[in-house]
Amino acid sequence: MNATVVSTAQMMNQSDCPEFKVPIPLFLTIGVVSLAENLLVVVAVMQNRNLHCPMYCFICSLAAFNTIASLSKTWENLMLMFVDVGQLDQKGSSEQKMDDVMDSLLCMSFVGSIFSFLAIAVDRYITIFHALRYHNIMTMRRAATILGLIWTTCGVSAVLMVRFFASTFIMICFIVFFIFSLVIICFLYVYMFMLARMHARKIAALLTSGEKKCRRRLWGGGSMRGALTLTILFGAFVVCWAPFFLHLIIIMLCPLNPYCECYRSLFQLHLVLMMSHALIDPAIYAFRSAELRHTYRKMLLCSDRS
């Protein structure tokens, strides 16, 4: 997919804007660091029994998709390094097949991230507004079923996207899926925070001042903090992936416009942003979750201090 987009941009680029080049070592550094960070998240969730709950299973799935993205981009940049030194033929059949595999993994990571964010948003909604029935509604068995459906759907859709990505229809579907998913998730988060605000006002009207503080800690503390954390994660996802999708839209809508050509000359910068998403997410987990910070400290420093 990336090779198709790059070649299309190169054929159409007739403007005076020079193509922005990112050093391959920078790609490799981002890929290796983000790979290590997301693997650390997955291992931390697996080791800490306190994190064995549906929400952290979905977060672990998101980290796994980020790991796949980092691994595919790191391997792709290693291949480009071998091409530069003459060890690989960029147009060879085996190299083309390998490129398709890596692009499939990248598409799988993107679709999986979207579905993971949606699953986490629904989980937070149930936690906040159906707290008493949460463990009956969102069981570990149901969470495992949801994750199985997500991974199966992502695998099939990724193969189809890469196989038929040269088709304008598939590219349009890819873009529409991205925009439609953003709208749904944004609506769910906005609706969730609006309901939370309404509930808080109703509770404040019924309780005394001392009871208000206690109720706010019990009801709003952990759940709303978790919802805010996931909102930050989703915002980082949009910022990192939106420029790439704008690139695709520009290819379709104004292929010969010189201003559009200038934006397309920044394609490698868009790739850096995409890879940076997998780098940013684990930092947000560590900053917002005390339980994860405690697990990291125990794993990396062999310290069990709270």
Side-chain angles (χ1 to χ4, degrees), residues 26-48 51-77 105-124 127 143 146-147 150-151 154 158 178 181-182 184-186 188-189 222 224-245 269-297 299-300:
L26 178 59
F27 278 118
L28 284 175
T29 301
I30 295 174
V32 171
V33 174
S34 60
L35 179 62
E37 285 184 347
N38 284 282
L39 282 175
L40 184 63
V41 172
V42 174
V43 173
V45 173
M46 292 176 63
Q47 283 196 353
N48 191 337
L51 302 178
H52 291 182
C53 61
M55 186 193 75
Y56 277 102
C57 287
F58 296 139
I59 288 179
C60 186
S61 175
L62 179 60
F65 282 120
N66 285 337
T67 301
I68 291 173
S70 301
L71 187 62
S72 62
K73 293 304 299 180
T74 302
W75 182 250
E76 184 177 47
N77 284 290
L105 292 176
L106 190 63
C107 283
M108 181 179 179
S109 172
F110 164 74
V111 178
S113 296
I114 286 286
F115 281 130
S116 296
F117 278 119
L118 185 58
I120 293 170
V122 173
D123 178 82
R124 286 296 85 193
T127 302
I146 293 171
L147 288 174
I150 288 175
W151 281 81
C154 292
F178 176 70
S181 300
L182 293 188
I184 290 179
I185 296 175
C186 286
L188 190 56
Y189 278 124
M224 288 308 299
R225 181 179 173 84
L228 182 59
T229 299
L230 299 170
T231 304
I232 296 172
L233 288 171
F234 181 65
F237 175 81
V238 173
V239 170
C240 292
W241 278 88
F244 172 74
F245 280 87
L269 182 60
H270 304 158
L271 291 182
V272 170
L273 281 174
M274 287 168 55
M275 294 179 66
S276 298
H277 173 247
L279 190 70
I280 294 170
D281 273 5
I284 298 175
Y285 301 147
F287 178 74
R288 300 288 298 180
S289 173
E291 191 70 39
L292 269 178
R293 288 198 303 273
H294 174 67
T295 307
Y296 292 157
R297 187 182 299 113
M299 291 170 55
L300 298 178

**OP:** Check the angle between the aromatic planes of Phe244 and Trp241 and answer parallel, tilted or perpendicular using the 30° and 60° thresholds.
**Re:** perpendicular
Subject >> Main-chain N/O of Ser34 paired with Asn66 side-chain donor or acceptor, under 3.5 Å >> reply: no
Original post:
Is there side-chain contact between Leu147 and Cys57, with heavy atoms separated by less than 4.5 Å?
Top reply: yes
**OP:** Identify which one of Phe117, Phe58, Trp151, Phe115 satisfies the ring-ring contact (aromatic ring centres under 6.0 Å, His included) criterion when paired with Phe65.
**Re:** Trp151
Subject >> Among Leu26, Val33, Leu28, side chain to side chain contact (heavy atoms under 4.5 Å, CB included) partner for Ile30 >> reply: Leu26
Original post:
Is Cys60 close to Val41 at the side-chain level, that is, under 4.5 Å between some pair of heavy atoms?
Top reply: no
**OP:** Using ring pair (Phe, Tyr, Trp, His ring centres under 6.0 Å) as the criterion, list what pairs up with Phe27, not counting sequence neighbours.
**Re:** none
Subject >> Atom of Ser276, atom of Cys240 and distance for their closest heavy-atom approach >> reply: C-SG, 4.4 Å
Original post:
So how far is it from His270 NE2 to Met275 CE, rounded to the nearest 0.5 Å?
Top reply: 15.5 Å
Subject >> Leu40 and Glu37, any side-chain heavy atoms less than 4.5 Å apart >> reply: no
Original post:
Heavy-atom distance under 4.5 Å between the side chains of Ile59 and Val45, does that happen here?
Top reply: no
Original post:
Which residues pass the side chain to side chain contact (heavy atoms under 4.5 Å, CB included) test with Val239, sequence neighbours left out?
Top reply: none
**OP:** Grab the two heavy atoms, one from Ala119 and one from Ile146, that are nearest each other, plus how far apart they are.
**Re:** CB-CG2, 4.5 Å
Original post:
Hey, is the main chain of Ala44 close enough, under 3.5 Å, to the side chain of Asn48 for a donor-acceptor pair?
Top reply: no
Subject >> Tyr56: ring pair (Phe, Tyr, Trp, His ring centres under 6.0 Å) partners, not counting sequence neighbours >> reply: none
**OP:** Measure the shortest side-chain to side-chain distance between Leu105 and Leu71 over non-hydrogen atoms and say whether it is less than 4.5 angstrom.
**Re:** no
